[in-house]
Structure formats: structure tokens, C-alpha cells
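Just so we're clear, the structure is a prediction, and the values are computed from it rather than from any experiment. Count residues from 1 along the sequence.
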Amino acid sequence: MPSNDARILAQAAVPTAAVGAVAAVISGVVAGGKGAIGAVVATFVVILFMGIGLYVLQRTAKSLPHLFQAMGLMLYAAQILLLFVFMAAFKNTTLFNPKAFALTLVVGTLAWIAAQTRAHMKAKILYVEPDSTTGEKPEKSEHSA
């Protein structure tokens, strides 16, 4: 993963983990140990799903740049759908508090999206790759003035 991609991943994952830690503390106070476990699991799921999505999107941008925008829209829709499926699958679990899990999942997803948006806006990414890698200037032709 190139340095810009790794930097964006870290700038999105760290705030999401911090939000998850706060949610785990609040859930632990409100719903006990099962609430804290639910918040931790939800934070892990958000970071995993969104991190994989970012990786897939970056790979698509490198190999199929003409599909980048469509892939981004499809990927975010699929991620949100998968998160809802994950919430529905664990709504009646006794392993952790499902309400703490669901709320942390939503808040963590929103934190990831906000942090990733901020990271992309602050990144200095070239839109066009430079032609020359040697640093030489192209020679002027007879017709250019």
C-alpha cells in the first residue's frame, strides 16, 4: 500500500478507534460488561469493513481508473448494506448488548466516513502523474515559440 493510502487509512482508523473506545466506556457504564463488549466488537467490525473497502477502492483506482467513481459508490452502498446485515444477524445475541453494538456501529461508521473525508481533503495527491522520472525538461521543437 503506497504511503498516501497508508496515511489515509491511519487517519481514518485512529479516530474511529478513539470513538469506539469512548463508546465502549459509555456502553460499559450504561449496559455493563456486555455493552462494552458490544461496542468493542462493533468498532472492530467498522474498522475491518471500512479498511477493506478503502483497500479495494485504492486497488481499483490503480488498475481500473475509469471505474473509480462507480466502484466507490457501489462499494459504500455495499458496506452500508453489509453493516445492516451484520446488525440484523446479531440483534438477538446474548454474547453482547445488541443496542450498544448497533449504536456503536452507526457512530463508528459515521466517524470513519468523516475522518476519511477529512484525510482525502488534506492529502496532497497528484491528479496527473508526471511524464518524466529523470527530471529533464522536454526539448523545444522548431514550431513552438
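Not counting sequence neighbours, Arg118 has no partner by the side-chain hydrogen bond (donor to acceptor under 3.5 Å, both in side chains) test. When the side-chain contact (heavy atoms from CB on, under 4.5 Å) test is applied to Phe44, the partners found at least two apart in sequence or on another chain are Leu48. Evaluation of the side-chain contact (heavy atoms from CB on, under 4.5 Å) rule for Leu75 yields Leu57, Gln79 as partners, not counting sequence neighbours.
The CG atom of Leu81 sits 16.0 Å away from the OH atom of Tyr76 when rounded to the nearest 0.5 Å. Between the CD1 atom of Ile8 and the CD atom of Gln58 there is a distance of 6.0 Å, given to the nearest 0.5 Å. Atom CD1 of residue Ile47 and atom CG of residue Leu54 lie 12.5 Å apart, to the nearest 0.5 angstrom.
Minimum interatomic distance between Ala17 and Thr43 (heavy atoms only, all atoms of both residues): CA-CG2, 4.2 Å.
When the side chains of ILVMFWY residues are joined at heavy-atom separations under 4.5 Å, either directly or via intervening members, Leu103 and Phe84 end up in two distinct hydrophobic clusters. With hydrophobic clusters built from ILVMFWY side chains whose heavy atoms lie under 4.5 angstrom apart, Val46 shares a cluster with Leu9. At a threshold of 4.5 Å between side-chain heavy atoms, the hydrophobic network of Ile, Leu, Val, Met, Phe, Trp and Tyr places Val40 and Phe101 in two separate groups. The same ILVMFWY cluster, assembled from side-chain heavy atoms under 4.5 Å apart, contains both Leu95 and Val45.
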For residues 107-115, which side-chain N or O atoms pair as donor and acceptor with protein atoms under 3.5 Å away, sequence neighbours left out?
unit_1 : atom_1 : unit_2 : atom_2 : d
Thr109 : OG1    : Leu105 : O      : 2.7
Trp112 : NE1    : Gln116 : OE1    : 2.9

Donor-acceptor pairs under 3.5 Å, side chain of residues 23-39 to any protein atom, not counting sequence neighbours: which ones?
unit_1 : atom_1 : unit_2 : atom_2 : d
Ser27  : OG     : Ala23  : O      : 2.8
Lys34  : NZ     : Thr94  : O      : 2.7

Under 3.5 Å donor-acceptor pairs involving side-chain atoms of residues 65-72, not counting sequence neighbours:
none

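Relative orientation of the Phe49 and Phe86 rings is perpendicular, given thresholds of 30° and 60° on the angle between their planes.
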